[in-house]
Amino acid sequence: MRGTDRERALIALLDDVTAVANTARELEPAARATMAAVCEVTGWPLGHLCVPSGPGRDEFVSSNVWVGEAEKFTTLREVTSRTRFTLDSGIVGRVVSTGEPVWSVDVTRDPTFVRAQQGVDLGVGAAFAFPIVAADGVAAVLEFFSHRVAAPDAPLLRVMASLGHQLGRVVDRQRARDAVEAGRRRLEQMIESSVEAFVAMDAAGRIVAWNAAAERMFKLPRGQALGRELAETIVPPRYREAHRAGLARFLTTGIPRVLNQRFEITAWRADHSEFPVELAIWAVQDDGQWVFNAFLHDITDRRHAEEALRAAYEKEQANVARLRELDQAKNDFIDTVSHELRTPLTTVIGYLEVLANGDAGPVPPHQDRMLRTMARSTTRLQDLVEDLLTVNTMGASQLVLKPVPVPVSELVGQTVRSVEEIIRNRGHRLDVSVTAGSVNADREHAVRALRALLSNAIKFSAPGTPITVRASETDGKVAIEVTDVGAGITAEELPRIFDRFYRTRLATEHAVQGIGLGLTIARSIIEAHGGTLTATSALGHGSTFTITLSSVPGPEADT
């Protein structure tokens, strides 16, 4: 073949393979067409396709695709079928490792042509191979064989290199289609196994997809649903015209109103039952045609739960309102009764004092003891009435304070004087130490809070034991501590001692007087002053209650 004819033949070969590469969908038919064209142009009798043995492409094997006079190369085919080409073996391995065409002038003298080294006559003289190069590397190798020895054909190898890249495009397209198909299958599997119903509709309003969840939700088999008009299948009759009008409007204008968002709507079953669903709908174009996809979630149970919660909330609100009414009624009752008790108690206490002091005439000794016992009990009852009134006032947020600068020594002294008779009768030794200045306080309420702590120390201390009151000042804070060496409080009960009406187990077992309001009132009063009241205690070792208030400039207290 003359040079010009040769060039024209190679150009024609390149054009033919390019056309094949542009239209082929898979590698094998494209490789067959290419090998046939190369064999025709070169006159070489046989072509062969080698492919990777696995996804790693570190080893290539025969694809069993041979083009040409295969029947004349029986031994070559048998040896090739059992040969595995690694990156460092044979011309196939060299092509894969270099990415370039390889020519073997005489395979019988070529040490790299491993198939010729097995002691059999392959009937092959020369061979050449070139890579099919895809985007990620060598995807396959085409090799050609001749009976005769032949020198390298440089123009042919250049054309072969170009053909390898052309055929690589076929591999890339095939892989892309495979990836798309695999993705489509995964998507279909996900949709099919979804717990939400999936329904798709074409531009004509016909159902084109219907998954297993849709079968369960609408009680309609897939075979009966596909092809039916969606409006007549799952849309309640009163909404069908609006559905059709919305579809027509979108197809005409392309402007969506309900697409790409989630909303709640009513769905319909063939048995004419309606139920609430949450719907998410979107549209895509498939081959130029609109397809409308939707996920539907049955929210019947959620609606029932919401209704139950709403009913429970309304009932709870009614209960809260009723409890508030009862609480207010209780407060009103306590307030009324306490005020009504105040006047007669004051009168009784007054007359008892008159009788006990002999202002109404001499009182025999045995009657004097009875009168004093009655006076103490009446005073306790008066204190109880005052406690109830105070707690009621604090519960209604009506505690009114009139704070003024008060020396701490005066607060402590006034408090001690109010309980000195009880202390004297029980034989307690009271140790008082005040090294603090003044606090801004409502004198009456502050004394009441401190008296509650002293009374508590007296109640829970054995007669004759010491009780200590210490007041000190540090960094603008005044701390007033009341300490006893009495029974103490357990660690479990300590956090609750300031709760309203709470009485410790020890107080209940030993019938200690009180209804559990003193400490509650004391803490409320101190906190209303912006201070704190805390307690520390150890069972069997007594307790310490500490009032902390901000100090203010004032006359220094006596120690």
Side-chain angles (χ1 to χ4, degrees), residues 387 390 394 399 401 403 405-419 423 428-461 465-500 502-504 506-507 514 516-552 554 556-559:
D387 284 349
T390 301
M394 291 187 303
L399 185 62
L401 300 179
V406 181
V408 176
S409 58
E410 293 184 11
L411 292 178
V412 173
Q414 185 175 342
T415 304
V416 169
R417 287 192 296 273
S418 69
V419 296
I423 290 176
H428 289 295
R429 185 177 76 253
L430 187 62
D431 180 12
V432 179
S433 173
V434 179
T435 59
S438 300
V439 292
N440 207 35
D442 183 302
R443 181 187 294 269
E444 179 182 351
H445 283 96
V447 168
R448 183 169 187 178
L450 188 55
R451 184 173 65 243
L453 302 185
L454 268 173
S455 298
N456 191 74
I458 293 169
K459 289 178 185 178
F460 291 95
S461 298
T465 56
I467 296 174
T468 303
V469 180
R470 298 189 183 280
S472 59
E473 182 175 344
T474 305
D475 297 331
K477 296 289 184 181
V478 171
I480 305 174
E481 297 180 350
V482 178
T483 303
D484 64 69
V485 293
I489 306 166
T490 65
E492 293 78 14
E493 292 182 304
L494 190 61
R496 300 189 58 193
I497 59 174
F498 295 105
D499 293 349
R500 188 182 300 189
Y502 181 76
R503 285 168 54 80
T504 64
L506 188 64
L517 288 177
L519 294 179
T520 303
I521 293 172
R523 172 174 270 189
S524 298
I525 290 173
I526 298 305
E527 289 181 347
H529 281 81
T532 60
L533 172 58
T534 58
T536 58
S537 184
L539 192 63
H541 297 281
S543 306
T544 297
F545 289 82
T546 304
I547 293 173
T548 303
L549 294 168
S550 297
S551 64
V552 295
E556 290 189 353
D558 296 330
T559 301

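Predicted model, so just to flag it, every value in this text is computed and none were measured.
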- Worked verdict on Val469 versus Asp431 for side-chain contact (heavy atoms from CB on, under 4.5 Å): CA-CA 6 Å; Val469 180; Asp431 180 12; over 6 Å; no
- Message: Ser543 and side-chain contact (heavy atoms from CB on, under 4.5 Å): which single residue from Thr483, Ile489, Thr536 fits?
- Response: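 With Ser543 as partner, Thr483, Ile489, Thr536 yield a single side-chain contact (heavy atoms from CB on, under 4.5 Å), made by Ile489.
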- Note on the structure: Which of Leu453, Ile547, Thr544 passes side-chain contact (heavy atoms from CB on, under 4.5 Å) with Val482? It is Leu453
Measuring from [X]:[atom1] to [Y]:[atom2], what's the distance to the nearest 0.5 Å?
X      : Y      : atom1 : atom2 : value
Asn440 : Leu549 : CG    : CG    : 9.5 Å
Leu430 : Leu454 : CG    : CG    : 6.5 Å
Arg470 : Ser433 : CZ    : OG    : 5.0 Å

- Message: Between Glu473 and Ser551, is there a side-chain donor-acceptor contact under 3.5 Å, judged purely by atom types and distance?
- Response: yes
- Query: Any chance the side chains of Glu493 and Thr490 put a donor and an acceptor closer than 3.5 Å?
  - Reply: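 Distance-only check passes for Glu493 and Thr490.
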Say whether, by atom type as modelled, one donor and one acceptor occur between the side chain of [X] and the main chain of [Y] under 3.5 angstrom.
X      : Y      : answer
Ser472 : Val478 : no
Ser461 : Ile458 : no
His428 : Thr465 : yes
Arg523 : Leu533 : yes
Thr520 : Phe498 : yes

Tell me, do [X] and [Y] make a side-chain contact under 4.5 Å, heavy atoms counted?
X      : Y      : result
Arg443 : Glu410 : yes
Val408 : Ser438 : no
Leu401 : His445 : yes
Phe545 : Leu450 : no
Val439 : Leu411 : yes
Thr468 : Glu481 : no
His529 : Asp442 : yes

- Task: Apply the test side-chain contact (heavy atoms from CB on, under 4.5 Å) to residues Ile480 and Thr546: give CA-CA distance (whole Å), side-chain angles for both, the deciding distance (0.1 Å), then the verdict.
- Result: CA-CA 6 Å; Ile480 305 174; Thr546 304; over 6 Å; no
- Task: Over all heavy atoms of both residues, which pair between Ser455 and Val419 is shortest? Give the atoms and the distance, please.
- Result: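 Closest approach of Ser455 to Val419, heavy atoms only: OG-CG1, 4.2 Å.
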- Task: Taking all non-hydrogen atoms of both residues into account, name the closest pair between Ile525 and Ala446 and its distance.
- Result: CG2-N, 4.3 Å
- Pair Ile521-Arg448, side-chain contact (heavy atoms from CB on, under 4.5 Å): steps then yes or no: CA-CA 9 Å; Ile521 293 172; Arg448 183 169 187 178; 4.2 Å; yes
